[in-house]
Amino acid sequence: MAASDVDQGENVAVLDRVVIRFAGDSGDGMQLVGDRFTDLSASFGNDLATLPNYPAEIRAPAGTVAGVSSFQVHISDHDIVTPGDSPNVLVCMNPAALKANLADMTPGSTIIVNSDSFEERDLDKAKLDSNPLEDGSLDGFHLHQVPMTSLTKLATKKLDVKQRDAERSKNFFALGLICWMYTRPVGPMIEWIESQYAARPAIRDANLAAFRAGRNFGETAELFDHPYEVKPATLPPGKYRNIIGNLATAYGLLAASQQSGLPMVLASYPITPASDILHELSKHKNFGVKTVQAEDEIAAAAMAVGAAFTGQLAVTTTSGPGLDLKSEAIGLAVSLELPLVIVDVQRAGPSTGMPTKTEQADLLTAMYGRHGECPLPIVAAKSPSNCFDAAFEAARIALKYRTPVILLSDGYLANGAEPWLLPDLDELPDISVEFTTEMNASGPDGTPVFHPYKRDPETLARPWAIPGTPDLEHRIGGIEKHDGDGNISYQPENHERMVRLRQAKVDGIANDIPGVELDEDDGAELLVLGWGSTWGAIKAGVRRVRIGGQRVSRAHLTHLSPMPADLGEVLARYPKVLIPEMNTGQLALLIRGKYLVDARSYTIVSGIPFKAAAMESRILEEIAR
Amino acid sequence: MSVTEPISGNGSTTPVALTRKDFVSDQEVRWCPGCGDYSILAALQMMLPNINVPREDLVFISGIGCSSRFPYYMNTYGMHSIHGRAPAIATGVAVSRPDLHVWVIGGDGDMLSIGGNHLIHALRRNVNLKILMFNNRIYGLTKGQYSPTSEQGKITKSTPFGSIDHPFNPISVAIGAEASFVARTHDMDRKHMQEIFTRAHEHKGAAFVEVYQNCNVFNDGAFDAILRKDARPDMLIPLRHGEPIRWGAEGEHGVAVNQFGEPYVCRTVDVGVEHLLVHDEHRQDPTLAFALSRLSTGPSMPTPVGVFREIDRPIYEEELAGQLEESVKRAGPGDLATLISSGPTWTVA
């Protein structure tokens, strides 16, 4: 980005980081504005992390607290790992947005409101008895009242655009104002509006006019002392793009399809917050991806099992309620020992729960949520961009060990964004598999036969002989199979052997995955152990504790089943272990049970990720204990 | 044992003469003695050598239930899966590999109760599956509860005071789902079964075949009223494309259409042969085929057997493969490096 593009004069204060939250009604376009600001900041070279937060209803009643949608973005000139705790700046398009978000603001921070939307009627909809702009409840904040609606109307007056449409451009006014405040480059934004709305010139012109008006307002209104600048971050060298978790998951699966040489078949049923993976992969048919929108979650899993039988990279994507429904088909895949990737983008439960809010409460379902002894590998992504690696890893394990693998993502990762250092695709491992084409055993009379459950002695994986292969015709099923020949067997000793073999196969994967991710501090007595998407918040909390002069170590799991081979030894080195999770202690239960460690839990189930400050205080508490 | 031999040069294989024996697996058949499933298995094993498909290209997918043990007895690729899901699993197979010949086997409970949803969706999508539904109007494997095709009032272990459920007419369900091929046959007539199975195989698209099947342990004689040798001439209505619908020893029964366009059973002599309904399998509109399926509300009335409907409709997996081809033509083969670096990027030195 050319520096001249952001030149806004001399009086610019430099910040090392800033957290901005855009909040408004679901219909106000806050997600759009947040996305745009994020992309601008990403291409400007800031490190960043985002937290979109929106209701499940497409359009909750306008102006109500239930209908508030927000987008938080944290930008910095250094490496950051969370979307930030408390916003430095809150942009509120209406009273409901102010009401819903005020509790997250600390005194001294900045609040910018659209003062046009604080009429009696608006206050009523937000169920506010008095006007917060007047009743003193915002004392202690830097409050800026900007009549965004009327200024937007004024700016678009001369255009051939309906008043109602003009008013809808007010989100671009807000974006323009914030872009001025944080010296974002103008050019890319204008280009984006021009190309995005090329087919609707009236809307394009209104948005452009509103964006420019917002920017000019910042410059001339003297409401703000000066703009700020957050300089580009010094990240490891390479080519970057901004990415959200669901997109990274889709790309990771595409990479696995290419590196395995197997065409991908994705069968899914729409469900929040996983649908975007289906949407994305449906676009890329030229990659040989076949996507099927199944009639239900069960069918989606079943179709994937059918695809796996024929030698495809079979995938199904879902969220918690869908995982429940798929469990029988996943159990079948465990019994058939066929490769299958199940992506569970976790959301707050139980039942429908809060579809658009995040949680990590499906860990035990992934681990044990099927009848019988039904073990399978589990991989969990730790950040939005890490979804790429996690998806690839899930596919690698599935194909190599002929097993269903559950990939755990969550709502925060799915929609959260961060810069992604683009991987060198040539460096990705070859994960191709060899289909069996020859008989592999002898029958009673010595003639060659095919035994579908004759295992590879090292991986314990069974041969994958796909339909169309002459002479290897065979039948598999959910009934217990005789070890080796795969015939139906109800023999007690055979079932005992098969149950333990299936477990041993999964356990053995521990020798084929990296050791636990460790960030140790010499002399630390406390180990903070996390898994999945709490990675950023734990890292930020630990960083704060260390800056404060205390010692703490950190470990993180991306493989939950099996766990890394060295985990027990690592845990044993620490007198204290703290496990933060967005559930009520599911990993802690596993760790205590498996390693006999007196691990303590730090849990939240609010539908919102951990905050670094709270993480810091909980760690300090644990150190002091 | 190899039943195929490669043609030199192109690596493809061509079937050599197969026999029934080639389709018999080494597994002992474990249905109850006297079960109707035996004759269906035999009919299929006798019919398959005639269709010129290499054994390795045949896949049998079943659900759960007595009939769903079927794949174990077929020396082809097969999967005995989970209750009700066979049509969905088979859809996954067919979508992945349109070159395979995929058959789905299940019972009335499997396909119309727990798996009803998958059945209708496989039919509406017109996936190239050959679906054989063995209808014995009872749950056999769970030892005798009523099924979704059991008649109202049926006394079973779970309905000691009689079933109050209104039964499905499977043919009506299939036609209602706009299946492109719908037929009915029964386990007492091997020749008819083979004829219908062959027709199902030859059909391009989803084929639904209801096979009346006697469960001699839990629902013995459920179809006796129409399938007893002496009852058949009067009680089975043979559907033959292009011919007037007419049956009976002397052709004395027929189907005509009333002033509302509804078919009804009549005496041929009352309306005259020239006024009998001429069966047309290929009517695009399913209404008349549906109406024919309503002629009988159960196997105590004259019941049509044969092909109700066979029409041309785009095949799901061919359409999908077409979209892939089209996409490559339009955008070129996918390049992942280009894709992941699409949109704004920046370089850190």
Side-chain angles (χ1 to χ4, degrees), chain A residues 1 39 42-45 188 234-242 251 254-255 258 263 265 267 284-288 290 292 294-296 298-299 302-312 314 328-329 332 336 422-423 425 447 467-479 487-488, chain B residues 1-4 13 25 27 54-61 64 71-72 74-83 85 88-97 99-100 117-118 120-121 320-321 323-324 326-328 330-334 336-337 339-349:
Chain A
M1 203 50 57
D39 264 9
S43 49
F44 180 65
T234 37
L235 297 170
K239 193 173 179 185
Y240 284 80
R241 65 164 287 167
N242 186 36
Y251 288 172
L254 283 175
Q258 295 216 331
V265 172
H284 303 304
K285 297 210 157 50
N286 60 330
F287 283 79
K290 290 178 177 171
V292 181
E295 58 270 24
D296 59 36
I298 297 172
M303 287 175 187
V305 170
F309 186 48
T310 68
Q312 319 288 304
E328 192 189 12
L332 176 67
L336 299 178
L422 293 178
L425 297 173
T447 53
T469 313
D471 302 335
L472 303 192
E473 293 86 1
H474 64 281
R475 280 64 56 193
I476 52 176
I479 300 186
N487 290 330
I488 290 179
Chain B
M1 166 186 51
S2 176
V3 293
T4 60
T13 58
S25 80
Q27 300 298 299
R55 202 174 51 179
E56 65 270 18
D57 290 346
L58 283 162
V59 182
F60 281 80
I61 308 283
I64 291 290
Y72 288 120
M74 296 295 298
N75 193 13
T76 63
Y77 283 90
M79 187 194 294
H80 176 223
S81 73
I82 44 177
H83 208 7
R85 316 304 166 200
I89 291 171
T91 297
V93 172
V95 161
S96 304
R97 293 276 305 277
D99 59 308
L100 298 172
N117 198 34
H118 309 306
I120 57 174
H121 287 277
L320 180 55
Q323 285 194 342
L324 264 66
E326 195 51 43
S327 176
V328 171
R330 204 174 48 238
L336 191 56
L339 178 66
I340 64 173
S341 56
S342 57
T345 60
W346 68 98
T347 301
V348 175

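Convention: sequence-line order gives letters A, B, ...; per-chain numbering from 1. Keep in mind that the numbers below use all heavy atoms, side chains included, and drop hydrogens, waters and symmetry copies.
One distance of note links NZ of K290(A) with CG of L320(B); it measures 6.0 Å at 0.5 Å rounding. Rounding to the nearest 0.5 Å gives a distance of 5.5 Å between CG of N117(B) and CD of E295(A). Taken to the nearest 0.5 Å, the CG atom of N286(A) stands 8.0 Å off from the CZ atom of R330(B). E473(A) contributes atom CD, which lies 11.0 Å from atom CE of M74(B) (distance to the nearest 0.5 angstrom). Rounded to the nearest 0.5 angstrom, L336(A) CG and M79(B) CE are separated by 5.0 Å. The distance from atom CE of M303(A) to atom OG1 of T91(B), rounded to the nearest 0.5 Å, is 4.5 Å.
With a 4.5 Å cut-off on non-hydrogen atoms, A308(A) does not touch chain B at all. Looking at I64(B), there are no atoms closer than 4.5 Å to chain A (heavy atoms on both sides), in backbone or side chain. The parts of L336(B) that come within reach of chain A are both its backbone and its side chain, each placing non-hydrogen atoms under 4.5 angstrom from that chain. Contacts between A255(A) and chain B at a heavy-atom distance below 4.5 Å involve backbone atoms as well as side-chain atoms. Neither the backbone nor the side chain of P263(A) comes within less than 4.5 Å of any heavy atom of chain B. Residue V95(B) touches chain A through both its backbone and its side chain, counting heavy-atom pairs closer than 4.5 Å. Heavy-atom distances place the side chain of L425(A), and not its backbone, under 4.5 Å from chain B. Heavy atoms of A304(A) lying under 4.5 Å from chain B are absent altogether. Proximity to chain B involves both the backbone and the side chain of V292(A), based on heavy atoms less than 4.5 angstrom apart.
In terms of heavy-atom pairs under 4.5 angstrom with chain B, the leader among L472(A), V305(A), T234(A) is L472(A). Between chain A and the residues L58(B), T76(B), T347(B), I61(B), the most heavy-atom pairs under 4.5 angstrom are made by T76(B). The greatest number of non-hydrogen atom pairs below 4.5 Å with chain A, out of T345(B), V328(B), V59(B), is found for T345(B). Options S341(B), A321(B), A94(B) differ in how many heavy-atom pairs under 4.5 Å they form with chain A, and the most are formed by S341(B). Of the residues considered (P237(A), P467(A), G468(A)), P467(A) shows the highest number of contacts with chain B, using heavy-atom pairs under 4.5 Å. Of the listed residues (S25(B), G332(B), A90(B), S327(B)), the greatest number of heavy-atom pairs within a distance under 4.5 Å of chain A belongs to S327(B).
Between Y240(A) and W346(B), the ring planes lie parallel to each other; the angle is under 30°, not in the 30° to 60° tilted range.
Counting heavy atoms from C-beta on, the side chains of I89(B) and L332(A) come closer than 4.5 Å. Using a 4.5 Å heavy-atom cutoff, the side chains of N75(B) and R475(A) are in contact.
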Notebook entry, point to check: Can you list the steps and then say if Y77(B) with T469(A) is a side-chain contact (heavy atoms from CB on, under 4.5 Å)?
Noted result: CA-CA 9 Å; Y77(B) 283 90; T469(A) 313; 3.3 Å; yes
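Side chain of R241(A) to backbone of I340(B): a donor-acceptor contact under 3.5 angstrom is found. Side-chain N or O atoms of R85(B) include none that pairs as donor or acceptor with a backbone N or O of A329(A) at under 3.5 Å.
For G334(B) against Q258(A), the heavy-atom pair with the smallest separation is O-NE2, 3.9 Å. In plain terms, the two heavy atoms of E328(A) and H83(B) that are nearest each other are OE2-N, 4.3 Å.
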